[in-house]
Amino acid sequence: KNEVEQSPQNLTAQEGEFITINCSYSVGISALHWLQQHPGGGIVSLFMLSSGKKKHGRLIATINIQEKHSSLHITASHPRDSAVYICAVSPNTGNQFYFGTGTSLTVIP
Amino acid sequence: NAGVMQNPRHLVRRRGQEARLRCSPMKGHSHVYWYRQLPEEGLKFMVYLQKENIIDESGMPKERFSAEFPKEGPSILRIQQVVRGDSAAYFCASSPGQTNTEAFFGQGTRLTVV
């Protein structure tokens, strides 16, 4: 069983739609990260969360530490948001991230 | 302040050759992590280094793979006698502290073994 589970695996949306990607984890963590990877591209860190909520432009990330759950929301989605979104956690013990398998988002014009 | 720089972006090697992947962390970052992304799979931890020290190499294959982060210069991930199964994207991340701080990722090196 993976320490980090994401859903959905694949998501297709019309331009302008509100999008939610979910992440659940099973270990105690010190922080959770949302990452973005474009096809064939590098990885960009979108957010790092240890509690509450963060907003950056049209992106919003929330975390509920008690429920071990985080969500990434995209408002007014745009085709350029098409990418793989990856949830990663920093466990309380150990030196590595644990990664979800990613959510592949396609936004259709 | 340039981000995490990895080079080369693409690397093609024949079976049996050596591959050297370089990662220059962000200025001021002394923690480097290497991850491998196999085709159609998620990212997997390989090794965590601080300057001149390997802190955790629990994700490194036991043979042919090694990593270093010298006092001066980039971190190097070295793969000897490459095989087709080594074909993957290798990502480096750096942070000023351990993973409960902001981590920044490089663009990755895509290794193809032919």
Side-chain angles (χ1 to χ4, degrees), chain A residues 1-10 21 23-52 54 56 59 61 63 65 70 83-104, chain B residues 2-10 21 23 25-26 29-50 53-60 67 69 88-112:
Chain A
K1 186 186 182 300
N2 287 338
E3 292 83 1
V4 182
E5 299 282 351
Q6 279 185 243
S7 63
Q9 269 194 302
N10 296 286
I21 299 170
C23 174
S24 297
Y25 53 91
S26 57
V27 296
I29 68 168
S30 56
L32 181 143
H33 306 254
W34 281 102
L35 311 170
Q36 181 193 54
Q37 184 178 25
H38 281 100
I43 294 172
V44 174
S45 178
L46 298 174
F47 294 103
M48 186 195 75
L49 296 159
S50 52
S51 65
K54 285 189 176 179
H56 185 253
L59 302 178
I63 188 169
I65 296 291
S70 174
V84 175
Y85 293 83
I86 302 168
C87 173
V89 301
S90 308
N92 286 328
T93 57
N95 300 303
Q96 58 174 288
F97 290 112
Y98 292 121
F99 295 90
T101 51
T103 295
S104 179
Chain B
V4 178
M5 303 300 292
Q6 287 190 250
N7 67 81
R9 289 291 308 278
H10 300 275
L21 288 61
C23 169
M26 285 186 72
H29 287 191
S30 58
H31 297 245
V32 166
Y33 307 81
W34 284 95
Y35 296 91
R36 178 164 64 175
Q37 187 177 45
L38 291 166
E40 306 303 321
E41 292 189 23
L43 288 151
K44 300 291 184 189
F45 169 77
M46 298 183 76
V47 62
Y48 163 44
L49 309 106
Q50 293 180 26
N53 283 306
I54 297 174
I55 306 302
D56 182 351
E57 56 182 347
S58 57
M60 289 277 269
F69 188 14
Y90 292 83
F91 289 94
C92 164
S94 76
S95 69
Q98 292 193 359
T99 55
N100 58 350
T101 58
E102 192 95 36
F104 295 85
F105 285 79
Q107 291 288 304
T109 293
R110 276 165 177 76
L111 172 66
T112 303

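Lettering of chains follows the sequences in order, A, B, ..., and the numbering in each one begins at 1.
Neither the backbone nor the side chain of A:Ile29 comes within less than 4.5 Å of any heavy atom in chain B. With a threshold of 4.5 angstrom between heavy atoms, B:Gln37 approaches chain A through side-chain atoms but not through N, CA, C or O. Residue B:Phe104 does not touch chain A at all, counting heavy-atom pairs closer than 4.5 Å. Proximity to chain B is absent for every atom of A:Leu32, based on heavy atoms less than 4.5 angstrom apart.
To the nearest 0.5 angstrom, B:Phe105 atom CZ is 9.0 Å from B:Cys92 atom SG. Atom NE2 of B:His31 sits about 9.5 Å away from atom CZ of B:Phe69, to the nearest 0.5 Å.
Between B:Tyr35 and B:Phe91, the distance separating the two ring centers is not shorter than 6.0 angstrom. Here A:His33 and A:Phe47 keep their ring centres 6.0 angstrom or further from each other.
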